[in-house]
Amino acid sequence: MNEQTLSRRLERVAAHVPAGARLADIGSDHAYLPVALMRRGVIAAAVAGEVAMTPYRAAERTVRENDLEQSIDVRLANGLAAIEPGDGISAITLCGMGGETIRDILDSGKACLTGHERLILQPNGGEQPLRLWLMSHGYRIVSEEVLRENRFDYEIIVAERGDPVHYSAEQLYFGPVQMQTRSPAFLSKWQRLLRERQRTLNSFAKARNVPEHKVREITLQARWITDLLG
Ligand code: SAM
């Protein structure tokens with residue numbers, strides 16, 4: 001992967017960034033996503049935020065080597081603190097981190113959000129707590145997808161501020177849009193996870209001292225997945 005050839009995962013994230021957006025890519029690492037979008041003329045400007053020095057330097061290098069210092073600002077900052085009021089950010093990408101980490105970044109940086117930004121989130125697990133945060137903070141999930149790359153299932157969740165919305169526990173777990181669209185990638189992900197839950201329950205049955213709440217939790221998840229798959 002580089003700034004010319006994105007991974008399939010980042011290509012799918014890129015597809016949700018609106019044309020002409022002013023993008024903040026938080027946790028940008030090499031800044032491949034904003035640089036690719038700027039080279040393609042999709043976005044108007046970008047901030048690439050990084051909290052760690054090595055990826056920050058890598059992002060600076062990618063931007064410099066592509067002569068994009070005028071349109072992409074690389075900033076060393078924790079989470080949404082990379083965004084400054086004058087940036088006029090209209091889309092934020094947070095990709096390749098755990099869902100809880102993305103949630104924590106949104107929560108601790110919520111003062112930096114105007115509510116007009118489209119959030120394009122690609123959590124590696126922890127989708128349920130992330131969706132719960134979105135619902136609790138007035139965000140509606142407008143698009144979702146699952147994709148499989150290098151034997152990993154990745155989810156992309158796109159959210160925008162709107163009228164308050166209530167999602168059921170199952171919708172928070174599976175994704176409200178994905179439950180509607182039921183793509184082949186989504187169904188195979190949950191077929192795999194059902195087998196995993198069943199293996200876990202079998203091993204619980206043979207083990208001693210498994211906490212009762214753990215058995216209840218996995219049993220409930222297995223039932224939800226079975227119902228989902230019909
Ligand atoms: N977004 C890229 C992608 O999806 O390919 C890079 C993902 S990389 C696994 C995660 C990056 O997020 C790391 O470079 C890490 O330093 C950065 N990161 C983690 N927590 C962060 C935070 N609170 N603020 C800014 N960057 C953060």
Side-chain angles (χ1 to χ4, degrees), residues 1-18 21-40 42-43 45-66 68 71-85 87 89-113 117-127 129-131 133-134 137 143-159 185 189:
M1 177 168 65
N2 56 36
E3 66 274 30
Q4 291 162 52
T5 313
L6 296 177
S7 61
R8 204 158 78 77
R9 173 182 63 85
L10 283 184
E11 263 321 329
R12 290 309 308 151
V13 169
H16 293 281
V17 176
R22 299 180 67 85
L23 175 71
D25 183 40
I26 305 298
S28 198
D29 197 353
H30 285 75
Y32 289 151
L33 179 65
V35 170
L37 286 170
M38 189 62 76
R39 286 172 55 106
R40 296 173 191 178
V42 173
I43 55 172
V47 170
E50 249 308 325
V51 77
M53 191 50 90
T54 305
Y56 165 75
R57 293 258 183 261
E60 277 194 323
R61 193 169 51 246
T62 312
V63 169
R64 193 173 53 246
E65 286 173 358
N66 285 274
L68 289 172
S71 44
I72 303 182
D73 267 346
V74 181
R75 296 183 188 151
L76 187 63
N78 189 354
L80 303 188
I83 300 174
E84 294 170 7
D87 293 332
I89 294 300
S90 59
I92 299 178
T93 43
L94 279 150
C95 305
M97 291 171 248
E100 284 96 344
T101 303
I102 295 179
R103 175 202 58 195
D104 293 346
I105 289 175
L106 290 170
D107 198 60
S108 51
K110 50 184 187 272
C112 303
L113 295 169
E117 308 89 350
R118 163 177 280 212
L119 305 182
I120 304 148
L121 313 171
Q122 186 278 295
N124 295 340
E127 292 82 8
L130 180 57
R131 288 193 191 95
W133 187 92
L134 291 170
H137 290 80
S143 181
E144 283 179 311
E145 60 182 277
V146 176
L147 68 115
R148 192 159 174 85
E149 185 176 54
N150 301 330
R151 306 185 61 215
F152 279 101
D153 291 309
Y154 296 106
E155 296 216 8
I156 298 171
I157 301 173
V158 184
K189 168 183 169 160

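As the structure lists them, so they are numbered: ligands from 1, and atoms in each ligand from 1.
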**Request:** State the atoms of ligand 1, each with its element, that fall below the 4.0 Å cut-off from a heavy-atom position in Gly79.
**Result:** 22 (C), 23 (N), 24 (N), 25 (C)

**Prompt:** Which atoms of ligand 1 sit under 4.0 Å from any heavy atom of Leu10?
**Reply:** 4 (O), 5 (O)

**Item:** Identity and separation of the nearest protein heavy atom to atom 23 (N) of ligand 1
**Value:** Asn78 OD1, 2.8 Å

**Asked** Is the backbone of Gln4 close enough, under 3.5 Å, to the side chain of Arg39 for a donor and an acceptor to pair up by distance?
**Response** no

**Message:** For atom 17 (C) of ligand 1, tell me which residue out of Glu50, Met53, Gln122 has the closest non-hydrogen atom.
**Reply:** Glu50

**Item:** Considering all heavy atoms, the nearest Cys112-Ile83 contact
**Value:** O-CG2, 4.5 Å

**Asked** Mind checking whether Leu113 and Ile92 have side chains closer than 4.5 Å, heavy atoms only?
**Response** yes

**Prompt:** Applying a 4.0 Å heavy-atom criterion (strictly less than), which segment of Ser7 is in contact with ligand 1: side chain, backbone, both, or neither?
**Reply:** neither

**Fill in**
Exactly one of Ile105, Asp107, Ile89 clears side-chain contact (heavy atoms from CB on, under 4.5 Å) with Leu80, and that residue is Ile105

**Prompt:** Among all protein non-hydrogen atoms, which one is nearest to atom 19 (C) of ligand 1, and what is the separation to 0.1 Å?
**Reply:** Met97 SD, 3.8 Å

**Message:** When you compare the side chain of Glu127 with that of Val146, does any pair of heavy atoms fall below 4.5 Å?
**Reply:** no

**Complete:** Within the 4.0 Å heavy-atom cut-off, what Thr93 brings close to ligand 1 is neither

**Request:** Please could you name the atoms of ligand 1 that Pro55 approaches to less than 4.0 Å, counting only its heavy atoms?
**Result:** 14 (O), 16 (O)

**Item:** Per-atom contacts of ligand 1 with Arg9, taking only distances under 4.0 Å to non-hydrogen atoms
**Value:** 3 (C), 4 (O), 5 (O)

**Asked** What pair of heavy atoms forms the shortest contact from Ala31 to Val63, and how long is it?
**Response** CB-CG2, 4.4 Å

**Request:** Specify the protein heavy atom at minimum distance from atom 12 (O) of ligand 1: its residue, its atom name, and the distance to 0.1 Å.
**Result:** Gly27 CA, 3.3 Å

**Prompt:** Got a salt bridge between Glu155 and Arg131, using NZ or NE/NH1/NH2 to carboxylate O under 4.0 Å?
**Reply:** yes

**Prompt:** Is the shortest heavy-atom distance from the side chain of Ile72 to the side chain of Thr62 under 4.5 Å?
**Reply:** no

**Item:** Glu50 to Asp29 - nearest heavy-atom pair and separation
**Value:** OE2-N, 3.0 Å

**Message:** Among all the protein's non-hydrogen atoms, which is closest to atom 21 (C) of ligand 1, and how far away is it?
**Reply:** Val51 CG1, 3.6 Å

**Item:** Ala52 neighbourhood, listing ligand 1 atoms whose heavy-atom distance to it stays under 4.0 Å
**Value:** 16 (O)

**Prompt:** Nearest to atom 7 (C) of ligand 1, what protein heavy atom do you find, and at what distance?
**Reply:** Cys95 O, 3.5 Å

**Message:** Strictly below 4.0 Å, N to O, side chains only: are Arg8 and Glu11 in salt-bridge contact?
**Reply:** no

**Protein residue, atom and distance nearest to atom 9 (C) of ligand 1, heavy-atom basis** = Gly96 O, 3.3 Å

**Request:** Below 4.0 angstrom from a heavy atom of Ala77, which ligand 1 atoms are there? Numbered from 1 as shown, please.
**Result:** 24 (N), 25 (C)

